[in-house]
Amino acid sequence: MNIGEIIKITTKEFNNSQKEYEIKYGDEFVLIGSGSSLDSLALVNFLTKLDKNLNTKLKKDFDVINKLFSLEKDKVTILDLKKMLDDNS
């Protein structure tokens, strides 16, 4: 299973786990920054689920939250997340 598939599965899990926020899976969806529809708690919830799924399916610790915030970008999309995780896999 590749990282893109795991992000897609996690997106579905996140969307099914609550009704207030929806992540529309696609490279241009903004997770962090101007244009994001997620608040900080929703973002952490999604990233925690993603970290758990990556660890379970790939048997590797990615430390997604710390690495994502270390990107030092004003806006982070799902594509940025994929690239970051691919670079660290």
Side-chain angles (χ1 to χ4, degrees):
M1 181 168 287
N2 69 39
I3 288 174
E5 292 170 333
I6 296 170
I7 293 172
K8 190 172 188 175
I9 288 167
T10 305
T11 299
K12 288 178 183 177
E13 287 176 6
F14 172 81
N15 289 339
N16 291 333
S17 71
Q18 49 76 51
K19 299 293 180 208
E20 190 171 350
Y21 300 97
E22 181 182 7
I23 295 175
K24 296 183 189 317
Y25 181 78
D27 287 345
E28 299 306 313
F29 184 85
V30 178
L31 295 168
I32 300 172
S34 177
S36 176
S37 60
L38 305 176
D39 70 4
S40 58
L41 187 58
L43 177 64
V44 169
N45 185 5
F46 170 72
L47 295 176
T48 301
K49 287 178 185 300
L50 178 59
D51 210 18
K52 178 180 162 254
N53 285 343
L54 288 165
N55 190 311
T56 301
K57 295 179 187 329
L58 299 180
K59 307 292 188 239
K60 185 173 180 186
D61 182 21
F62 282 85
D63 193 18
V64 175
I65 293 173
N66 285 329
K67 287 183 179 161
L68 191 64
F69 285 103
S70 71
L71 290 177
E72 297 181 4
K73 294 180 74 169
D74 292 335
K75 186 187 291 189
V76 178
T77 65
I78 286 183
L79 180 61
D80 296 320
L81 176 64
K82 281 185 203 174
K83 286 180 180 177
M84 180 204 70
L85 293 172
D86 280 336
D87 290 347
N88 288 291
S89 62

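What you see is a predicted model; the values in this text were computed from it and never measured.
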Check: Is the CG atom of D61 crowded by more than 12 outside heavy atoms at less than 6.0 Å?
Finding: yes
Check: Are L81 and L50 close enough that some pair of their side-chain heavy atoms sits under 4.5 Å apart?
Finding: yes
Check: Under 4.5 Å between side-chain heavy atoms, hopping through other hydrophobics if needed: is there a path connecting F29 to F46?
Finding: yes
Next item on the list: Could you tell me whether the side chain of I9 reaches within less than 4.5 Å of the side chain of M1, counting heavy atoms only?
Entry: yes
Checklist line | Heavy-atom pair with the smallest gap, counting every atom of V30 and S36 | finding: O-OG, 3.3 Å
Next item on the list: Step by step, work out the side-chain hydrogen bond (donor to acceptor under 3.5 Å, both in side chains) result for D80 and T77.
Entry: CA-CA 5 Å; D80 296 320; T77 65; 3.2 Å; yes
Checklist line | Close side-chain approach of I6 and F62, heavy atoms under 4.5 Å | finding: no
Checklist line | Same apolar cluster (I L V M F W Y, side chains within < 4.5 Å links), I65/I32 | finding: yes
Check: Which value, rounded to the nearest 0.5 Å, describes the distance between K8 atom NZ and I78 atom CD1?
Finding: 11.0 Å
Notebook entry, point to check: Between K60 and N88, is there a donor-acceptor pair closer than 3.5 Å when you use the side chain of the first and the backbone of the second?
Noted result: yes
Check: Can L71 be reached from L31 by stepping across I, L, V, M, F, W or Y side chains whose heavy atoms are under 4.5 Å apart?
Finding: yes
Next item on the list: Enter the distance from L68:CG to D63:CG here, rounded to the nearest 0.5 Å.
Entry: 10.5 Å
Note to self: Please tell me whether F69 and V64 are part of a single hydrophobic cluster in this structure, the criterion being side-chain heavy atoms less than 4.5 Å apart.
What the structure shows: yes
Next item on the list: Please round to the nearest 0.5 Å and tell me the distance separating atom CG of N53 and atom CG of N55.
Entry: 9.5 Å
Checklist line | Rounded distance (nearest 0.5 Å) linking atom NZ of K82 with atom CG of D27 | finding: 4.0 Å
Check: If only atom types and distance count, is the side chain of S17 paired as donor or acceptor with the main-chain N or O of F14 below 3.5 Å?
Finding: yes
Next item on the list: State, yes or no, whether a side-chain contact exists between L43 and Y21 at a heavy-atom distance under 4.5 Å.
Entry: no
Check: Hey, what do you get for CG (N45) to CG (L38), rounding to the nearest 0.5 Å?
Finding: 10.0 Å
Margin query: Run I3 and L58 through side-chain contact (heavy atoms from CB on, under 4.5 Å) and show every step you take.
Written below: CA-CA 9 Å; I3 288 174; L58 299 180; 4.1 Å; yes
Next item on the list: Indicate yes or no: at least one non-hydrogen side-chain atom of L85 is less than 4.5 angstrom from one of I7.
Entry: yes
Next item on the list: Look up atom CD in E20 and atom CD in E22, then write down how far apart they are to the nearest 0.5 Å.
Entry: 13.0 Å
